[in-house]
*Asks:* 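Structure below; questions to follow.
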Amino acid sequence: MLSYDGFTANLIACKDCAAPFHFVIEGTDGYITIQYPPNLIGEVTLHRRKGEEEKFDDGMAWNRLIPEFTAFINTINSDDHAFCLKQMEESIAVSRVQTKARRDAGIFFAADKN
């Protein structure tokens, strides 16, 4: 559960599991539903409070790694070292956030003792 000024968010996430999934993001003017597991995304439907619906689908749900691998290929072929460094720094920042959250939750690994 995440608490913010004026609202609380309840979150449950599980990637690549066999359990039924239900993905809803609610807001004051409507909500968003996703038809596939969160690691696929796929079709996204915006349901507006006034009853209108709008669907979005990039067609990549079952080929989700293609854009990522295409970016890798383009980066390698163009020798874009600045982009590589930026991506690596972002990965390290994400890892630090995950590590802090894990430790704050009281979950420690053997490597944490060093």
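Values in this document were obtained by computation on a predicted structure and should not be read as measured data.
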*Asks:* Under the side-chain hydrogen bond (donor to acceptor under 3.5 Å, both in side chains) test, which residues partner Glu54, sequence neighbours left out?
*Replies:* Arg48
*Asks:* Show which residues join Leu65 in its hydrophobic cluster (side-chain heavy-atom contacts under 4.5 Å, direct or indirect), or state none.
*Replies:* Phe69, Phe72
*Asks:* Hey, what else clusters with Ile107 if you join Ile, Leu, Val, Met, Phe, Trp, Tyr whenever side-chain heavy atoms sit under 4.5 Å?
*Replies:*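 Besides Ile107, the hydrophobic cluster comprises Phe109, listed by chain and residue number.
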*Asks:* Can you sort out the partners of Asp80 under side-chain contact (heavy atoms from CB on, under 4.5 Å), two or more places apart, ordered by chain and number?
*Replies:*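 With sequence neighbours excluded, Asp80 shows a side-chain contact (heavy atoms from CB on, under 4.5 Å) to Thr75, Ser78, Ala82, Phe83, given in chain and number order.
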*Asks:* Which residues satisfy the ring pair (Phe, Tyr, Trp, His ring centres under 6.0 Å) test with Tyr31, sequence neighbours excluded?
*Replies:*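 By the ring pair (Phe, Tyr, Trp, His ring centres under 6.0 Å) rule, Tyr31 matches His47.
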*Asks:* What residue pairs, at least two apart or across chains, pass salt bridge (Lys or Arg N to Asp or Glu O under 4.0 Å) with a residue in residues 88-104?
*Replies:* Lys100-Asp104, Arg102-Asp112, Arg103-Asp112
*Asks:* Could you list the residues that satisfy ring pair (Phe, Tyr, Trp, His ring centres under 6.0 Å) with Tyr4, not counting sequence neighbours?
*Replies:* Phe7
*Asks:* Is the CD atom of Glu26 crowded by more than 12 outside heavy atoms at less than 6.0 Å?
*Replies:* no
*Asks:* Enter the distance from Thr99:OG1 to Ile92:CD1 here, rounded to the nearest 0.5 Å.
*Replies:* 11.5 Å
*Asks:* Kindly write out the residues that satisfy side-chain contact (heavy atoms from CB on, under 4.5 Å) with Thr28, not counting sequence neighbours, or none if the list is empty.
*Replies:* none
*Asks:* Restricting to side-chain hydrogen bond (donor to acceptor under 3.5 Å, both in side chains), what partner residues turn up for Thr45, sequence neighbours left out?
*Replies:* Lys55
*Asks:* Is there a donor-acceptor pair under 3.5 Å between the side chain of Ser91 and the backbone N or O of Gln87?
*Replies:*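 Checked: pair present.
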*Asks:* Can you tell me how far the OG1 atom of Thr33 sits from the CD atom of Glu43, to the nearest 0.5 Å?
*Replies:* 8.0 Å
*Asks:* Got a sec, which residues hit side-chain contact (heavy atoms from CB on, under 4.5 Å) with Ile76, two or more places apart in sequence or on another chain?
*Replies:* none
